[in-house]
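Everything on this sheet refers to the single structure shown next.
Just so it is clear: chains get the letters A, B, ... in the order the sequence lines come, proteins before strands, and each one is counted from 1. Computed from a predicted model, the values in this text were never measured in an experiment.
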Amino acid sequence: MRTKVADCLKKVTPGTIVDVRGWVRTRRESKQGFAFIELNDGSSFANLQIVADKSLPDYEELIKLVQTGASLAVTGELKDSPAQGQKVELHAQTLKVLGQADAAKYPLQKKGHSFEFLREKAHLRPRTNTFGAMARVRNAICDAIHRYFQDRGFLYIHAPIITTSDCEGAGHMFQVTTLDLAKLGQLQGSRISEAGKPFEIDYTKDFFGKKAGLTVSGQLEGEIFACSVGDRYTFGPTFRAENSNTTRHLAEFWMIEPEMPFYELEDNMALAEDFVRSVIKNVLARCPDDLQFFNDRIEPTLLATLENISGHDFIKLTYTEAVEILLKSGQSFEYPVGWGKDLQSEHERFLTEKHFKQPVILTDYPREIKSFYMRANDDGKTVRAMDVLVPGIGEIIGGSQREERHDVLISRMQECGLNPADYWWYLELREYGTVPHSGFGLGLERTVQMITGMQNIRDCIPFPRTPKSADF
RNA sequence: UCCCCGAUAGCUCAACCGGUAGAGCGCCGGACUGUUAAUCCGUAGGUUCUUGGUUCGAAUCCAAGUCGGGGAGCCA
């Protein structure tokens with residue numbers, strides 16, 4: 001019966017005979033006939049120290065095979081360690097090398113690697129301290145998110161991944177088709193050269209009978225269930241075919257989108273804040289070793305920042321107030337600040353990192369720079385939008401109170417150049433039993449970024465998809 | 001997509017005004033040690049991203065391309 005390393009370190013009482021399996025991180029060998037092996041099986045950040053000596057059969061030959069990256073099965077007695085550095089250690093009685101790892105070829109060294117290098121080794125990087133920790137923290141975050149909503153009676157509703165509604169215009173969609181692209185390409189080439197006008201594809205011949213793509217957001221579908229079964233959330237993959245090359249964007253990322261009926265913007269803000277703080281507290285309690293590692297090796301202010309975020313109320317102010325602060329700051333910005341202009345990254349960063357040094361929720365943005373579905377304020381100039389900004393990341397949550405008034409929504413669509421007919425079902429929600437409702441979207445990977453302090457979002461997901469990169 | 005920067009040993013990097021390649025780490029060998037990313041000594045290891053150009057001579061200069069990184073935009 002296999003015992004996990006995490007249990008050896010925390011639960012099993014010394015004196016017990018255990019059977020552990022895992023991968024060798026390092027081996028410190030003495031020619032006197034004994035060796036120390038650091039074994040990791042992913043169950044915890046810490047390794048289990050194995051003490052192997054020449055009482056093992058064929059020790060000399062065996063220990064040569066125990067190289068960084070090799071997999072082992074070891075049985076022996078768990079004992080209190082006489083040396084500093086670990087409380088317990090395993091004295092091997094049997095040791096079997098399950099799979100060797102040629103040290104001359106194995107890509108991972110005992111010492112650190114650049115993250116750029118490790119991204120090219122996505123099949124091996126979870127065996128490193130950083131990515132093992134990342135996997136455990138990401139898991140804890142996901143669990144905390146579900147727990148938060150489940151504890152409050154939210155239903156977990158799956159939004160479609162393939163969609164034919166090009167709603168919201170939020171970024172370019174990846175197209176989904178079963179049409180023969182090679183054949184279309186030939187046809188397109190000949191038609192353009194002969195007729196001189198763009199070639200039109202007949203989507204009635206495509207799988208869904210119309211143009212389809214991967215979802216960029218489940219929000220509009222989310223409103224359907226919010227306006228029927230009540231509080232609900234999605235937690236699923238989202239796809240953006242934007243050519244974004246930054247440390248904060250992925251082409252495939254996971255998004256959490258709660259949507260609540262009878263919520264006005266203030267309720268929405270309160271939920272978002274409580275949610276973020278609750279998730280952080282939960283992970284702080286559950287993954288102390290992993291977060292300590294990130295604090296020691298990745299971002300020295302991490303734990304202080306997380307305590308600060310989870311322990312203080314978020315600053316709440318309107319877009320108009322934010323613009324005033326920026327104008328009065330005396331700070332010189334690359335992009336000018338002015339009412340009606342969207343806030344740039346540098347402005348958001350100034351507010352959350354320099355001015356307040358805390359998460360900030362900005363609300364009531366000018367209607368011209370926000371989406372059609374956000375509820376119009378009575379001033380005729382602003383809408384009930386909110387962005388949650390956190391130090392180091394910037395925008396982590398975007399949300400709003402939705403426009404529930406049928407006539408206002410239609411005129412807003414027209415104002416935004418959209419055809420109301422394309423949104424017939426969305427409009428019917430306002431025609432039949434409409435209610436005030438609100439929701440927001442949280443980027444999972446940006447949350448992982450915030451909680452681990454990792455610089456690049458490509459290191460916050462097991463297999464990142466970015467422009468020109470979708471290996472593994 | 002735009003602006004910058006980069007690509008040299010397995011990894012991280014160096015190589016001055018253009019003169020034929022160097023260190024640390026890792027690996028391997030040895031020494032030493034209840035060791036902790038151990039330490040000390042030694043060996044091996046290179047088609048300098050690709051293509052073209054300039055030159056007696058290119059890692060180095062020029063052009064194009066590919067890939068990577070940072071910033072911006074878009075956003076989560």
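- Distance noted for atom C1' between B:rU43 and B:rG18: 33 Å (whole Å).
- For residues 118-147 of chain A, proximity to RNA chain B is found at A:Arg119, defined as any non-hydrogen atom under 4.0 angstrom from a strand atom.
- Of the residues in residues 444-464 of chain A, those lying under 4.0 Å from RNA chain B by heavy-atom distance are A:Arg446, A:Asn456, A:Arg458.
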Letter by letter from the 5' end, nucleotides 24-32 of chain B scores (B base, S sugar-phosphate only, - none; protein heavy atoms under 4.0 Å) -SSSS---B

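- Using atom P as the reference point in both B:rC62 and B:rU55, the two lie 16 Å apart (nearest Å).
- Each of B:rU36, B:rA72, B:rA76 was ranked by its minimum atom distance to the side chain of A:Ala83; first place goes to B:rU36.
- Which of B:rG34, B:rG73, B:rG71 sits closest to the side chain of A:Val51 comes down to B:rG34.
- Separation of the P atoms belonging to B:rG52 and B:rA59 is 15 Å when rounded to the nearest angstrom.
- Under 3.5 Å, the side chains of A:Ser81 and A:Gln86 contain a donor-acceptor pair of N or O atoms.
- When the P atom is used for both B:rU20 and B:rG57, the distance is 15 Å, rounded to whole Å.
- With a glycosidic angle no more than 90° from 0, B:rC17 adopts the syn conformation.
- Contact annotation: A:Arg349 side-chain N/O to B:rA72 OP1/OP2 distance is under 4.0 Å.
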